[in-house]
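Since the model is a prediction, treat every value here as computed from it, not as a measurement. Proteins get letters first, then strands, A, B, ... in listed order; numbering begins at 1 in each. These values consider heavy atoms only, across backbone and side chains, with no hydrogens, waters or symmetry-generated copies.
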Amino acid sequence: MTVANNEATGASPAPAPSDFIRDIVAQHVAEKKYPRIHTRFPPEPNGYLHIGHAKSICLNFGIAREFGGVCNLRMDDTNPTKEDIEYVESIQADVNWLIAGWADDQLGLKSEAKPFFASDYFEQIYEFAIALIQKGKAYVCDLTPDETDEYRRHAKPSPFRDRGVEENLALFARMKAGEFPDGARTLRAKIQVDAPNIWLRDPLLYRIRHAEHHHTGAKWCLYPMYDFAHCLSDYLEGITHSICTLEFEVHRPLYDWILESLDLPRALPHQYEFARLSLGYTIMSKRKLMQLVMEKLVRGWDDPRLPTISGIRRRGVTPEALRAFAYHIGITKYNGVTDVAVLEHAIREDLNQRALRRLAVLRPVRVVITNFPEGKMEELDAVNNPEDESAGKRKIPFSRELYIERDDFAEVPPPKFFRLKPGGEVRLKYAYIIKCDEVIKDAAGNIAELRCTADLDSKTGGATAGRKVKGTIHWVSAAHAVDAECRLYDRLFTEAEPEKDGRDFKSVLNPHSLEVVTAKLEPGLKDAKAEERYQFERLAYFALDPDSKPDRPVFNRTITLRDTWAKEAGKA
RNA sequence: UGUCCGAUGGUGUAAUGGUAGCACAUGGCCCUUUGGAGGCUAUUGUCAUGGUUCGAAUCCAUGUCGGACAGCCA
């Protein structure tokens with residue numbers, strides 16, 4: 001999969017971000033250093049992509065987009081024992097989803113195109129290895145893994161370091177032919193055994209692995225190491241700017257050494273590093289995310305509580321929101337922890353613009369309007385989206401028996417409580433002002449029903465419609481309501497930094513990260529669409545979950561509305 | 001320990017030798033048939049010490065603190 005800029009397309013709508021990497025690229029563009037800017041996003045297919053990868057995707061595809069360049073999605077698949085086709089497919093889907101309508105529509109992405117695979121270059125990479133041997137810059141080493149470690153730590157040269165070119169060539173060919181077991185021999189670069197940078201102490205280029213590869217099958221039994229494959233893959237694809245995270249900084253001299261040692265004819269790619277994303281109240285390590293999935297601490301890789309792209313998508317976050325987030329956090333070399341509030345803000349801002357407003361009651365309590373005729377049903381006008389007039393209006397049914405939110409009634413109201421209380425008045429959104437006359441309780445003392453009277457002139461257009469009442473609450477008509485499963489998500493961890501001071505992240509899992517309730521929805525919501533976003537008024541944004549059945553919708557709470565009342569109440 | 005990198009309000013980022021700005025968060029006010037949204041407003045910062053300079057967040061030196069790497073993982 002490649003995304004390329006069509007010069008024909010117009011200006012990009014959003015202001016392009018600026019950061020130290022884009023500054024470098026901009027300078028190269030100004031200098032006409034390369035005919036075309038070419039980046040790549042190179043995940044290893046050994047797990048699902050997460051929001052940290054989203055940052056990298058937005059950077060790499062974003063740079064291509066902003067500078068009229070190209071960005072390749074490349075599977076960095078040089079280790080058959082850890083990788084799987086499942087991950088190749090999920091990565092493709094996640095990348096496509098994230099850049100949809102952004103890179104593809106504007107830049108001419110062929111979304112059905114296949115990604116690149118480092119493993120497609122194995123033959124050429126092998127040839128490069130031979131070239132290196134011929135130049136006397138690589139040798140076959142017979143040291144065991146432990147010995148290799150030992151020698152390297154003590155800056156001791158391998159006894160095989162000065163093997164002749166012919167012997168190296170013959171041995172390397174026999175490695176390829178499968179004559180040696182795993183671990184028996186390696187191909188190493190001949191650089192400097194006592195280099196201060198460990199990665200220059202004759203690093204491994206190839207290791208033997210008699211393993212089936214998800215993409216190349218049984219063709220190979222020796223596989224190039226990351227350092228060897230990556231720079232050469234970049235070169236082969238014509239990459240100009242190879243952007244990776246900070247932990248590869250120490251590898252950069254090796255990246256350059258390999259390419260420079262080969263005397264290659266074309267312009268060489270260069271590596272630039274930025275800080276990976278850390279987000280509060282979650283973890284980003286693929287290995288640990290895998291652990292949560294495998295130990296069934298979450299429901300799968302796409303569990304909406306996870307920071308995986310698939311989880312975030314399932315939760316109801318749009319690609320636009322995720323991209324806005326990536327834009328806002330910036331790109332630096334500083335390892336900080338980004339406040340999750342920045343993500344939440346990006347999500348709310350996006351959803352506020354697009355979500356259709358609906359009335360839904362999560363924790364119902366029954367209300368009877370005693371002066372409203374039994375059996376009568378009124379249809380009331382309701383606005384679909386106050387932020388977007390073109391979203392239009394809809395009708396919602398009103399009747400004598402309703403549900404309101406349990407939290408919207410207080411028998412003993414705290415200070416500044418603007419909602420329903422005994423003897424008090426409240427506005428029912430789009431409907432009447434009601435007054436609570438009586439609280440009916442069950443044998444256990446729980447509130448069973450509220451008996452209220454409505455000011456029947458107070459609905460929109462009525463004589464007393466303009467009456468000021470402090471609070472407005474949502475409601476649904478009991479007889480018309482649709483039942484739905486609503487999954488209410490909260491942060492996965494109780495601590496902003498789950499692994500701070502070496503603590504086990506599983507010890508701070510939030511036991512309340514998922515709460516499931518059966519909600520009462522306004523009837524139109526039985527036709528909810530997966531691609532729509534909804535705001536259940538005064539509560540939160542919701543999106544339809546794929547678990548939904550025709551007669552039993554399932555909604556995921558993407559994110560709550562800002563709740564200044566919760567803050568106010570918390571002060572008391 | 002070695003190598004490399006970094007340090008600007010609570011958090012994340014900008015200022016590329018010339019007025020320390022933005023966003024989020026936090027507080028206050030206004031508005032509101034969503035305690036949403038919106039509007040206005042306030043608080044808080046250049047790791048330390050020296051040096052160069054008319055002038056330093058920026059350049060230099062030293063120190064402090066933090067991070068990454070030291071797999072036949074990527």
Chemist: Determine the Euclidean distance between corresponding P atoms of U8(B) and A15(B); express it in Å to zero decimal places.
Modeler: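 Taking atom P in both A15(B) and U8(B), they lie 14 Å apart.
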Chemist: Rounding to an integer number of angstrom, what distance separates G6(B) and U13(B) when you compare their C1' atoms?
Modeler: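 These two C1' atoms come out 15 Å apart once rounded.
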Chemist: Taking atom types as they are modelled, is there a donor-acceptor pair under 3.5 Å from the base of G36(B) to the side chain of R348(A)?
Modeler: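 There is none.
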Chemist: Which whole number of Å gives the distance between the C1' atom of G10(B) and that of G18(B)?
Modeler: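 Their C1' atoms lie roughly 30 Å apart.
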Chemist: Which of these nucleotides, A37(B), G12(B), U34(B), is closest to any side-chain atom of T472(A)?
Modeler: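 Among A37(B), G12(B), U34(B), the one nearest the side chain of T472(A) is U34(B).
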Chemist: For the C1' atoms, the ones on C24(B) and on U34(B), what distance do you get once it is rounded to whole angstrom?
Modeler: 23 Å
Chemist: Between A57(B) and G9(B), how far apart are the two P atoms, rounded to whole Å?
Modeler: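 Between the two P atoms, the distance is 14 Å.
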Chemist: For RNA chain B, find the residues of residues 39-54 of chain A with a heavy-atom distance under 4.0 Å and give them by number; none if there aren't any.
Modeler: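 By residue number: E44(A).
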Chemist: What do you reckon, is CZ of R276(A) surrounded by more than 12 foreign heavy atoms closer than 6.0 Å?
Modeler: no
Chemist: Can you tell me how the ring of H213(A) sits relative to the ring of H215(A), calling it parallel under 30°, perpendicular over 60° and tilted otherwise?
Modeler: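 Perpendicular: the ring planes of H213(A) and H215(A) meet at over 60°.
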Chemist: Suppose you measure atom P in A7(B) against the same atom in C59(B); what distance do you get, rounded to whole Å?
Modeler: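 10 Å, rounded to whole Å.
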Chemist: Just the table, please: protein N/O against nucleotides 67-69 of chain B N/O, every pair under 3.5 Å.
Modeler:
| residue | atom | partner | partner atom | Å |
| --- | --- | --- | --- | --- |
| G67(B) | O2' | N335(A) | ND2 | 2.8 |
| C69(B) | O2' | W199(A) | NE1 | 2.7 |

Chemist: Would you please indicate yes or no on a ring centroid separation below 6.0 angstrom for H241(A) and H28(A)?
Modeler: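 Yes; H241(A) has its ring centre under 6.0 Å from that of H28(A).
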Chemist: Answer yes or no: does atom CD of E389(A) have more than 12 heavy-atom neighbours from other residues, nucleotides or ligands under 6.0 Å?
Modeler: no
